[in-house]
> 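First the structure, then my questions, so here it is.
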Amino acid sequence: MEKFVTLVGVAAPLPIMNVDTDMIIPKQYLKTIQRTGLGKGLFSEMRYREDGSENPDFVLNRPAYRKASILVAGDNFGCGSSREHAPWALLDFGVRCVISTSFADIFYNNCFKNGILPITVSQAELDKLMDDASRGANATLTVDLEAQEIRGPDGGVIKFEIDPFRKHCLLNGLDDIGLTLQKANKIGDYEKQAAAKRPWA
């Protein structure tokens with residue numbers, strides 16, 4: 001998993017409440033178990049018209065936001081079904097951080113497991129960040145995980161809270177497999193001892 005230390009990027013405003021996982025990545029894209037290639041389906045029902053052409057009114061289709069790496073979204077982001085394809089699609093598009101006033105629990109947990117930082121802020125702080133994000137190409141935010149700060153284009157700073165263990169995992173690029181591999185020597189020793197005690201197994 002790619003480490004998350006400091007992210008400097010364009011923030012795209014998505015002032016929609018209750019964005020569910022089917023809006024993030026519709027069901028027709030769930031046939032694959034690959035984590036790559038899903039970026040094209042991200043928010044597809046809003047990004048594309050019925051004929052497959054891009055909807056120029058959708059934020060991620062606007063020139064300033066095509067490479068957005070931060071999403072500033074409305075309350076209760078990631079609700080709905082518990083599809084891990086949702087964070088996969090965000091990550092494949094290039095989004096490494098989502099900021100909202102609240103997240104659905106399963107989506108929130110899945111973000112950390114895939115190298116995405118979900119940040120919870122107050123409504124007043126979200127309103128400020130949404131205003132920053134509305135500036136287009138000038139909407140660059142700096143997300144500093146070590147300092148637990150979001151720094152805006154005007155120099156404003158918003159502090160955020162994060163679980164220390166999850167912070168450690170993101171800073172070091174450790175998903176569940178990575179955490180397990182850190183104990184590879186102990187696991188190997190245990191297997192050797194178990195094989196010696198039970199050679200018939």
Side-chain angles (χ1 to χ4, degrees), residues 1-7 9 11-12 14-39 41-46 60 68-123 125-126 129-130 141 143-150 158-184 187:
M1 188 171 78
E2 186 179 349
K3 294 179 180 181
F4 190 115
V5 182
T6 301
L7 174 65
L14 190 68
I16 303 172
M17 294 178 63
N18 303 315
V19 172
D20 63 30
T21 52
D22 192 56
M23 291 172 68
I24 297 171
I25 185 74
K27 58 185 179 301
Q28 62 266 32
Y29 295 95
L30 305 186
K31 298 174 184 177
T32 181
I33 56 170
Q34 300 294 322
R35 298 188 183 200
T36 56
L38 288 169
L42 180 68
F43 299 120
S44 68
E45 292 180 357
M46 292 186 282
L60 296 181
S69 57
I70 301 166
L71 197 61
V72 182
D75 190 55
N76 195 30
F77 190 85
C79 56
S81 63
S82 57
R83 58 188 70 171
E84 197 166 7
H85 292 69
W88 292 354
L90 287 163
L91 194 62
D92 193 59
F93 181 86
V95 173
R96 294 293 314 277
C97 178
V98 182
I99 305 170
S100 180
T101 48
S102 71
F103 296 89
D105 286 344
I106 294 175
F107 173 82
Y108 185 79
N109 292 330
N110 281 339
C111 280
F112 286 105
K113 293 180 179 181
N114 289 281
I116 296 174
L117 174 60
I119 298 176
T120 303
V121 296
S122 70
Q123 186 60 57
E125 290 167 335
L126 188 76
L129 292 168
M130 201 71 77
L141 298 179
V143 180
D144 185 334
L145 178 56
E146 185 66 53
Q148 295 179 212
E149 291 180 349
I150 304 167
I158 292 173
K159 301 287 288 186
F160 63 89
E161 297 298 319
I162 184 172
D163 174 78
F165 176 71
R166 285 172 164 161
K167 177 179 178 178
H168 168 80
C169 289
L170 281 177
L171 286 171
N172 293 281
L174 296 171
D175 57 11
D176 289 346
I177 295 173
L179 285 167
T180 301
L181 290 176
Q182 284 191 317
K183 303 184 184 299
I187 293 170

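One is the number of the first residue; the rest follow in order along the sequence.
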> Measuring from Leu30:CG to Leu38:CG, what's the distance to the nearest 0.5 Å?
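These two atoms lie 8.0 Å from each other.
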> Start with the C-alpha gap between Leu71 and Ile99, add the side-chain angles, then the distance that decides, and say whether side chain to side chain contact (heavy atoms under 4.5 Å, CB included) holds.
CA-CA 6 Å; Leu71 197 61; Ile99 305 170; over 6 Å; no
> Are any of the side-chain heavy atoms of Leu117 and Ile162 separated by less than 4.5 Å?
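With C-beta onward as the side chain, the pair touches.
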> Which heavy atom of Gly9 sits nearest to which heavy atom of Ile70, and what is that distance?
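Nearest heavy atoms, Gly9 then Ile70: O-CD1, 3.7 Å.
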> So, Thr120 side chain and Ser102 main chain: donor-acceptor pair closer than 3.5 Å or not?
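Not confirmed, Thr120 side chain does not pair with Ser102 backbone.
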> Before you tell me yes or no, could you show the steps for Leu42 and Ile25 under side chain to side chain contact (heavy atoms under 4.5 Å, CB included), namely the whole-Å CA-CA distance, both residues' side-chain angles and the distance that decides it to 0.1 Å?
CA-CA 5 Å; Leu42 180 68; Ile25 185 74; 5.7 Å; no
> Once rounded to the nearest 0.5 Å, what's the spacing between atom CD of Glu149 and atom CZ of Phe160?
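Rounded to the nearest 0.5 Å, the CD-CZ separation comes out at 8.5 Å.
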> If I take atom NZ from residue Lys3 and atom CG from residue Leu145, how far apart are they, to the nearest 0.5 angstrom?
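Lys3 atom NZ to Leu145 atom CG measures 12.5 Å (nearest 0.5 Å).
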> Between Glu125 and Ile150, does a side chain to side chain contact (heavy atoms under 4.5 Å, CB included) hold up when you go through it step by step?
CA-CA 10 Å; Glu125 290 167 335; Ile150 304 167; over 6 Å; no
> Find out whether Asp163 and Phe112 are in side-chain contact, i.e. whether some heavy atom of one side chain is under 4.5 Å from a heavy atom of the other.
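Of all side-chain heavy-atom pairs linking Phe112 with Asp163, none is under 4.5 Å.
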> Within a radius of less than 6.0 Å around CG of Asn18, do more than 12 heavy atoms belonging to other residues, nucleotides or ligands occur?
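Result for CG/Asn18: enclosed.
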> How far does CZ of Phe4 sit from CD1 of Ile116, to the nearest 0.5 angstrom?
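That separation rounds to 10.0 Å.
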> Check the pair Ile158 / Ile119 against side chain to side chain contact (heavy atoms under 4.5 Å, CB included), numbers first and verdict last.
CA-CA 11 Å; Ile158 292 173; Ile119 298 176; over 6 Å; no
> Short question: side chain of Gln148, backbone of Lys159 - any donor-acceptor pair under 3.5 Å?
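No: the side chain of Gln148 does not pair with the backbone of Lys159.
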> With rounding to the nearest 0.5 Å, note down the distance linking CD in Gln28 to OG in Ser44.
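Gln28 atom CD to Ser44 atom OG measures 5.5 Å (nearest 0.5 Å).
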> Check whether any side-chain N or O of Asp20 sits under 3.5 Å from a backbone N or O of Asp22 as a donor-acceptor pair, and report yes or no.
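Answer holds: yes.
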> Tell me whether the rings of Phe107 and Phe103 are parallel (<30°), tilted (30 to 60°) or perpendicular (>60°).
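It falls in the parallel class, under 30°.
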> Only one of Leu90, Leu7, Val95, Leu141 forms a side chain to side chain contact (heavy atoms under 4.5 Å, CB included) with Ser69, so which one is it?
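Single side chain to side chain contact (heavy atoms under 4.5 Å, CB included) partner of Ser69 among Leu90, Leu7, Val95, Leu141: Leu7.
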> Heavy atoms only: give me the nearest Glu84-Asn114 pair and the separation to one decimal.
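Looks like OE2-ND2, 3.1 Å.
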> What pair of heavy atoms forms the shortest contact from Gly78 to Ala104, and how long is it?
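So the two residues come closest at O-CB, 3.2 Å.
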> Taking all non-hydrogen atoms of both residues, which atom of Leu171 and which atom of Glu146 are closest, and how far apart?
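Nearest heavy atoms, Leu171 then Glu146: CD1-OE1, 3.4 Å.
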> When you measure from the side chain of Ser100 to the backbone of Gly74, do you find a donor-acceptor pair of N or O atoms at a distance under 3.5 Å?
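Judged by distance alone, yes, a pair lies under 3.5 Å.
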> Whether Arg96 and Glu2 form a salt bridge (side-chain N of Lys/Arg under 4.0 Å from carboxylate O of Asp/Glu) is what I want to check.
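Yes, Glu2 and Arg96 are salt-bridged.
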> Verify, without hydrogens or angle tests, whether Asp92 (side chain) and Trp88 (backbone) share a donor-acceptor contact under 3.5 angstrom.
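The answer is no, because no donor-acceptor pair under 3.5 Å joins these two groups.
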> Hey, could you give me the CG/CE distance between Asn172 and Met1, rounded to the nearest 0.5 Å?
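With rounding to 0.5 Å, CG (Asn172) is 9.0 Å from CE (Met1).
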> Which atom pair, heavy atoms only, marks the closest approach of His85 to Tyr29?
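Smallest heavy-atom distance, with atoms named: CD2-O, 4.0 Å.
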> Leu170 and Gly115: which non-hydrogen atoms are nearest, and at how many Å?
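Here Leu170 and Gly115 meet closest at CD2-CA, 3.8 Å.
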